[in-house]
Amino acid sequence: MEEEEEPLRYSAEILEPAIEGTLNVLRSCKRSPSLKRVILTSSSSTLRVRDDFDSNIPLDESSWSSVELCERLQIWYALSKTLAEKAAWEFCNGNGIDLITVLPSFVIGPSLSPDLSSTTSDVLGLLTGESEKFHWHGRMGYVHIDDVALCHILFYEDETAGGRYLCSSIVLDNDELASFLSQRYPSLPVPKRFEQLKRPYYEFDTSRLERLGFKFKPIQEMFDDCIASLVEQGHLSSFSLAIN
């Protein structure tokens, strides 16, 4: 009985708020006569949860995550983002609203809030040797939080922009990320390697965004800024930190 009830619970707690919350904002936008464009922050998870793509061809904005696969594997976050973005496109296309969606990958960088978000908590765990949560991320795209903000501004200002835009600087396996972190921050107890997960290899094609003149910050800057923020907020000790 509990297994049967779990999808219903997640539907009520995650899926419905994501979809209806998005549509409620868009309904309000529709009532504004001065509205020219809506920029919606979606997620790269809306295009990469698939089992039918060629791993030799980088994923781009034409790709959509499989709703059936998300439901079967109970990947609720990706499912909520996918259904919410699809609902946004249907609403905006039907109501003449100029919509642009931004699809960020895993966001890294400084945090404005002293409270740890789930993303920052996972990163802090990785940097302090508590890597169980991060293990499940597997292969992942990464992007600096400044780049996510800057591309939103770009889309507000560039009249030629339109459609979906993948926002990601680099894609790495956990082992590649761990190798980079342990070399750059040798004093931190970053794990040397992770157990490999059976997940498809993929890369991202971000040429749509780059053709607008956008340049991404490198992963070194992402984690330097993230770690500096964690130290400043007291989540990470500066005495144990050295950067190569």
Side-chain angles (χ1 to χ4, degrees), residues 2-32 35 37-53 59-109 111-113 115-123 133-134 136-138 140-143 145 147-149 151-152 155-156 162-168 199 202 204 209:
E2 289 182 359
E3 290 183 0
E4 295 177 357
E5 291 176 349
E6 188 174 74
L8 296 176
R9 178 168 65 85
Y10 277 106
S11 178
E13 293 180 359
I14 299 177
L15 303 183
E16 292 175 17
I19 297 167
E20 286 305 312
T22 299
L23 291 176
N24 282 339
V25 172
L26 292 174
R27 292 184 187 110
S28 296
C29 291
K30 180 185 174 183
R31 293 194 290 268
S32 173
L35 178 76
R37 172 174 285 175
V38 173
I39 315 295
L40 172 66
T41 310
S42 184
S43 167
S44 66
S45 66
T46 64
L47 58 76
R48 60 179 169 79
V49 184
R50 298 173 49 185
D51 57 5
D52 62 347
F53 63 90
L59 295 171
D60 63 15
E61 293 86 353
S62 65
S63 171
W64 282 93
S65 289
S66 165
V67 170
E68 184 277 330
L69 184 62
C70 288
E71 290 175 340
R72 175 156 47 89
L73 299 181
Q74 299 186 2
I75 308 174
W76 304 116
Y77 177 81
L79 181 59
S80 69
K81 288 293 187 179
T82 300
L83 294 178
E85 189 187 343
K86 286 190 171 186
W89 280 112
E90 182 178 358
F91 182 90
C92 290
N93 289 336
N95 289 277
I97 296 176
D98 180 14
L99 175 68
I100 291 178
T101 57
V102 182
L103 318 179
S105 54
F106 197 91
V107 181
I108 301 289
S111 175
L112 293 177
S113 172
D115 298 324
L116 292 175
S117 66
S118 59
T119 300
T120 310
S121 178
D122 288 356
V123 172
K133 288 183 179 179
F134 213 92
W136 293 106
H137 289 301
M140 186 72 68
Y142 296 90
V143 65
I145 191 170
D147 287 339
V148 179
C151 75
H152 280 72
F155 298 145
Y156 278 117
R164 309 175 82 203
Y165 286 93
L166 182 57
C167 184
S168 183
R199 294 180 183 174
Y202 68 89
F204 283 147
L209 181 52

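Just so you know, these numbers use all the heavy atoms, side chains as well, and skip hydrogens, waters and symmetry mates.
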Tell me if the CD atom of Glu20 is crowded by more than 12 foreign heavy atoms within 6.0 Å. yes
Are more than 12 heavy atoms, taken from residues, nucleotides or ligands other than Lys30, located less than 6.0 Å from that residue's NZ atom? no
Trp89 side chain near Thr101 side chain, heavy-atom distance below 4.5 Å: yes
Are Asn24 and Ser28 close enough that some pair of their side-chain heavy atoms sits under 4.5 Å apart? no
Can you tell me how far the OG atom of Ser117 sits from the CG atom of Leu112, to the nearest 0.5 Å? 11.0 Å
Hey, does Lys86 have a side-chain heavy atom less than 4.5 Å from the side chain of Trp64? yes
Rounded at 0.5 Å granularity, tell me how far CZ in Arg37 sits from SG in Cys29. 13.5 Å
Partner set under salt bridge (Lys or Arg N to Asp or Glu O under 4.0 Å) for Asp51, not counting sequence neighbours: Arg72
Is a side-chain donor-acceptor pair under 3.5 Å present for Arg164 with Thr46? yes
Nearest heavy-atom pair of Arg50 and Ser65: which atoms, and what distance? CG-CA, 3.9 Å
Can you tell me how far apart CG (Leu99) and CG (Asn93) are? Round to the nearest 0.5 Å. 7.5 Å
Flag the pair Cys151 / Tyr165 as yes when at least one side-chain heavy-atom distance between them is below 4.5 Å, and no otherwise. no
Testing the basics here: between Val102 and Cys167, what is the closest heavy-atom pair and its distance to 0.1 Å? CG1-CB, 4.1 Å
Restricting to non-hydrogen atoms, name the atom on Gly109 and the atom on Ile145 that form the minimum distance, rounded to 0.1 Å. CA-CG2, 4.1 Å
If you compare all heavy atoms of Leu23 against all heavy atoms of Phe91, which two are closest, and at what distance to 0.1 Å? CD2-CB, 3.9 Å
Below 4.5 Å, heavy atoms only, C-beta onward: do Tyr77 and Ile14 meet side chain to side chain? no
Do Leu209 and Phe155 have side-chain heavy atoms sitting under 4.5 Å apart? yes
To the nearest 0.5 angstrom, please state how far the CD atom of Glu85 sits from the OG1 atom of Thr41. 10.5 Å
Any side-chain to backbone donor/acceptor pair from Thr82 onto Ala78? Under 3.5 Å, distance only. yes
Measuring from Leu15:CG to Leu79:CG, what's the distance to the nearest 0.5 Å? 5.0 Å
Arg31: salt bridge (Lys or Arg N to Asp or Glu O under 4.0 Å) partners, not counting sequence neighbours: none
Minimum heavy-atom distance Gly141-Ser168, with the two atoms named: CA-OG, 3.7 Å
Ala88 and Leu40: which non-hydrogen atoms are nearest, and at how many Å? CB-CD2, 3.7 Å
May I ask you to test the Leu59-Phe204 pair for a side-chain heavy-atom distance under 4.5 Å? yes
Please tell me if the side chains of Phe53 and Arg48 come closer than 4.5 Å, counting only heavy atoms from C-beta onward. no
Spatial distance of atom CG (Leu26) from atom CG (Asn95) [nearest 0.5 Å]: 9.0 Å
